[in-house]
Amino acid sequence: AQRVTQPEKLLSVFKGAPVELKCNYSYSGSPELFWYVQYSRQRLQLLLRHISRESIKGFTADLNKGETSFHLKKPFAQEEDSAMYYCALKWGYQKVTFGTGTKLQVIP
Amino acid sequence: NAGVTQTPKFRILKIGQSMTLQCTQDMNHNYMYWYRQDPGMGLKLIYYSVGAGITDKGEVPNGYNVSRSTTEDFPLRLELAAPSQTSVYFCASSYPQLAGGEDTQYFGPGTRLTVL
């Protein structure tokens with residue numbers, strides 16, 4: 001069965017330090033992966049998707065099929081990056097499975 | 001565009017009561033979804049719809065019903081509320097890539113439901 005694992009519930013880093021939010025997936029088909037973010041008092045929104053191979057707000061994520069991972073990275077954390085981050089896997093026709101989320105706390 | 005709107009924002013129900021959570025989107029998306037999020041857990045798909053008149057079960061459909069009579073609206077019905085249905089409910093919509101969209105899900109603000 002498809003599964004998305006985010007092993008860290010909370011990740012605390014200092015401002016300016018590198019950030020890596022881990023995401024591993026389990027899926028027998030061809031995966032489509034996303035990162036969604038929820039800032040305080042805002043609704044959940046898309047941050048980036050692997051097929052776009054883009055960098056949004058300095059974040060990047062590379063799909064590693066060998067390691068079944070889609071880790072989210074940013075070289076220098078900013079205070080405004082503090083939020084909940086969810087990794088998501090699209091499978092089947094239009095179903096999506098979300099991870100449990102990682103709270104990123106950037107310490108000034 | 002208001003995007004995806006949900007009502008109510010909060011609700012407290014007694015065991016056995018019923019209610020409908022409303023969801024409306026004004027982006028002409030044909031796909032709509034209902035998720036629930038329990039504390040410390042990820043979002044779990046309850047039901048989804050690929051267009052008006054078409055709905056299908058997600059991972060956790062028991063205790064819920066949906067209908068999709070229009071493109072814009074996708075209400076979620078709880079018939080006999082149970083404490084296990086205490087959760088935050090999110091509605092989302094998307095336009096599939098196959099039809100020229102982005103597959104991105106656009107979320108509503110959520111409804112916090114407590115069943116006592």
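In the text below, chain A, chain B and the rest are named by the order of the sequence lines, each starting its count at 1.
Contacts between A:Val96 and chain B at a heavy-atom distance below 4.5 Å involve backbone atoms as well as side-chain atoms. Using a 4.5 Å cut-off between heavy atoms, B:Leu45 contacts chain A through its side chain alone, with no backbone atom that close.
The backbone N or O of A:Lys95 sits nowhere less than 3.5 Å from a side-chain atom of B:Tyr33 that would complete a donor-acceptor pair.
Considering OG1 of B:Thr104 and CG of A:Leu47, their distance stands at 11.0 Å, rounded to 0.5 Å. Taking OH from B:Tyr35 and CZ from A:Phe98, the interatomic distance works out to 4.5 Å, rounded to the nearest 0.5 Å.
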Side-chain donor/acceptor pairs under 3.5 Å, residues 3-11 of chain B, sequence neighbours excluded:
from, atom 1, to, atom 2, distance (Å)
B:Thr5, OG1, B:Thr24, O, 3.3
B:Gln6, OE1, B:Cys91, N, 3.0
B:Gln6, OE1, B:Gly110, N, 3.1
B:Gln6, NE2, B:Tyr89, O, 3.0

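The neighbour count for A:Tyr39 OH, taken as heavy atoms of other residues, nucleotides or ligands under 6.0 Å away, is above 12. Annotation: A:Glu80, atom CD; neighbour count of heavy atoms from other residues, nucleotides and ligands within 6.0 Å is above 12. Around CZ of B:Arg77, the count of heavy atoms belonging to other residues, nucleotides or ligands within 6.0 Å exceeds 12. Environment of CD1 in B:Ile12: sparse, with no more than 12 heavy atoms of neighbouring residues, nucleotides or ligands closer than 6.0 Å.
Residues of residues 99-107 of chain A having a heavy atom under 4.5 Å from any heavy atom of chain B, listed by number: A:Gly99, A:Thr100. Near-neighbour residues of residues 64-74 of chain B relative to chain A, defined by a heavy atom under 4.5 Å from a heavy atom of that chain, are none.
For A:Tyr85, the ring pair (Phe, Tyr, Trp, His ring centres under 6.0 Å) partners are A:Phe59, not counting sequence neighbours.
Residues A:Met84 and A:Leu11 do not share a hydrophobic cluster, defined by chaining ILVMFWY side chains whose heavy atoms lie under 4.5 Å apart. Hydrophobic clustering, with ILVMFWY side chains joined whenever heavy atoms are under 4.5 angstrom apart, groups A:Leu46 together with B:Tyr48. Hydrophobic clustering places A:Tyr25 together with A:Leu48 (ILVMFWY residues linked when any side-chain heavy atoms are closer than 4.5 Å, directly or through intermediates). Linking Ile, Leu, Val, Met, Phe, Trp and Tyr residues whenever their side-chain heavy atoms come within less than 4.5 Å leaves B:Leu21 and B:Val88 in two separate clusters. In the hydrophobic clustering of this structure, A:Val4 does not group with B:Val60; members are Ile, Leu, Val, Met, Phe, Trp, Tyr whose side-chain heavy atoms approach within less than 4.5 Å, directly or through other members.
Of the listed residues (B:Lys44, B:Gln37, B:Glu59, B:Gln105), the greatest number of heavy-atom pairs within a distance under 4.5 Å of chain A belongs to B:Gln105.
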Check step by step if side chain to side chain contact (heavy atoms under 4.5 Å, CB included) holds for A:Leu44 and B:Leu43. CA-CA 11 Å; A:Leu44 198 60; B:Leu43 282 72; 4.0 Å; yes
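Closest heavy-atom contact between A:Arg43 and B:Pro109: NH2-CD, 3.5 Å.
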